[in-house]
Amino acid sequence: MFVGNHLLAGMDLAFTIPLIYTATGVYPRGVADTFHFIFPIWSHLMALFGGFKGTPHNCRTLMAQGQPLMLLPGGANEVMKDERMEPYGLVWKDRVGFVKLALEHGYTIIPFGIVGFEDMVRIAFSLPVDFFFRLIGDKRGRQDAWGENAHSTSKRAPFPDMRLPVVYPWLRLQRSYLVIGDPIECVGNVSDRETVY
């Protein structure tokens, strides 16, 4: 299971999986936000390139078959980084479902990071997205619930609201890098909180 960062405005979507394939010889299936599957043409393109609706059930089904997966836990929070946030910042909050799945199925987590692309654009301004998310019945644009059960190592999103960044190209070519970290063997009891975190 490849786990890494999402880039501003989803700039990584077109090249992350091909880069992983080039570096490792493994073509992982992309675990996609369920939001992508609201739009018929876009959802077809996602599926065409191996993406699938990222529900726990779908992940378990593919993992039971030994399929390699790629997961970006920051999801929409990292895609919608705005001018208030640092480039390349991780916004994973208390998301550890992927760790639990890896423990359940004996998967190895292979961390990766992509840098360079966010240096080629600038954010002109950002727009509130709360209305759009409410329109489609999604609670994401609102204040994130932060339960009392959040682990001490977890980190809240830096701001309570999500905003859509409007970017423009910064006329400077920038070399970009995919860095693959050391594999993390997932062994232990999925019910043990400290093992998961």
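Along the sequence shown, the residues carry numbers beginning at 1.
Remark: the backbone N or O of I123 is not paired with any side-chain donor or acceptor of E83 at under 3.5 angstrom. In this structure a side-chain-to-backbone donor-acceptor pair under 3.5 Å is missing from Q174 to M120. Panel note: side chain Y88, backbone E118; a donor-acceptor pair is recorded below 3.5 Å. R163 contributes no side-chain N or O that, together with a main-chain N or O of D82, makes up a donor-acceptor pair within less than 3.5 Å. The backbone N or O of G50 lies less than 3.5 Å from a partner atom in the side chain of R29, making a donor-acceptor pair. A donor-acceptor pair is defined here as one N or O able to donate and one able to accept, closer than 3.5 Å; such a pair exists between the side chain of N5 and the backbone of I114.
Using a 4.5 Å cut-off on side-chain heavy atoms (C-beta onward), T61 and F52 make no contact. Residues Y197 and D94 form a side-chain contact, since some pair of their non-hydrogen atoms from C-beta on lies under 4.5 Å apart. In this structure, Y27 and F49 have side chains that are in contact, with non-hydrogen atoms separated by less than 4.5 Å. Side-chain atoms of V121 and M11, non-hydrogen and from C-beta on, do get closer than 4.5 Å to each other.
Considering only residues two or more places apart in sequence or on other chains, D12 meets the side chain to side chain donor-acceptor pair (under 3.5 Å) condition with H6.
Heavy-atom minimum distance, L103 versus V190: CD1-CA, 4.0 Å. Taking each heavy atom of G4 and P73 in turn, the nearest pair found is O-CD, 3.5 Å. The nearest pair of heavy atoms linking E78 to V91 is OE2-N, 2.9 Å. Residues I110 and G181 come closest through the heavy atom pair CG2-O, 4.2 Å. Smallest separation of non-hydrogen atoms from P165 and S126: CA-CB, 4.1 Å.
Between F15 and F117, the ring planes are parallel. Angles under 30° get that label, and only those over 60° would be called perpendicular.
Checked options V179, I20, T24; the residue passing with F112 is I20 (criterion: side-chain contact (heavy atoms from CB on, under 4.5 Å)).
For the atom pair CE (M46) and CG (D33), the distance works out to 8.5 Å, reported to the nearest 0.5 Å. Here CD1 of I38 is found 8.5 Å from NZ of K53. Values are rounded to the nearest 0.5 Å. Residue I109 holds its CD1 atom at 11.0 Å from CG of L69, rounded to the nearest 0.5 Å.
In the displayed structure, F39 atom CZ is contacted under 6.0 Å by more than 12 heavy atoms of other residues, nucleotides or ligands. Applying the 6.0 Å contact sphere to CD of Q65 captures more than 12 heavy atoms from other residues, nucleotides or ligands.
Criterion: ILVMFWY side-chain heavy atoms under 4.5 Å apart, direct or through other members. Under it, L48 and F37 are part of a common hydrophobic cluster. In the hydrophobic clustering of ILVMFWY residues, with side-chain heavy atoms under 4.5 Å counting as a link, V187 and V96 come out apart.
Sequence neighbours left out, the pairs with a member in residues 99-114 that pass side chain to side chain donor-acceptor pair (under 3.5 Å) are R60-E104, T108-E185.
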*Give the C-alpha distance, both sets of side-chain angles, the deciding distance and a yes or no for side chain to side chain contact (heavy atoms under 4.5 Å, CB included) between F2 and V31.*
CA-CA 10 Å; F2 294 89; V31 180; over 6 Å; no

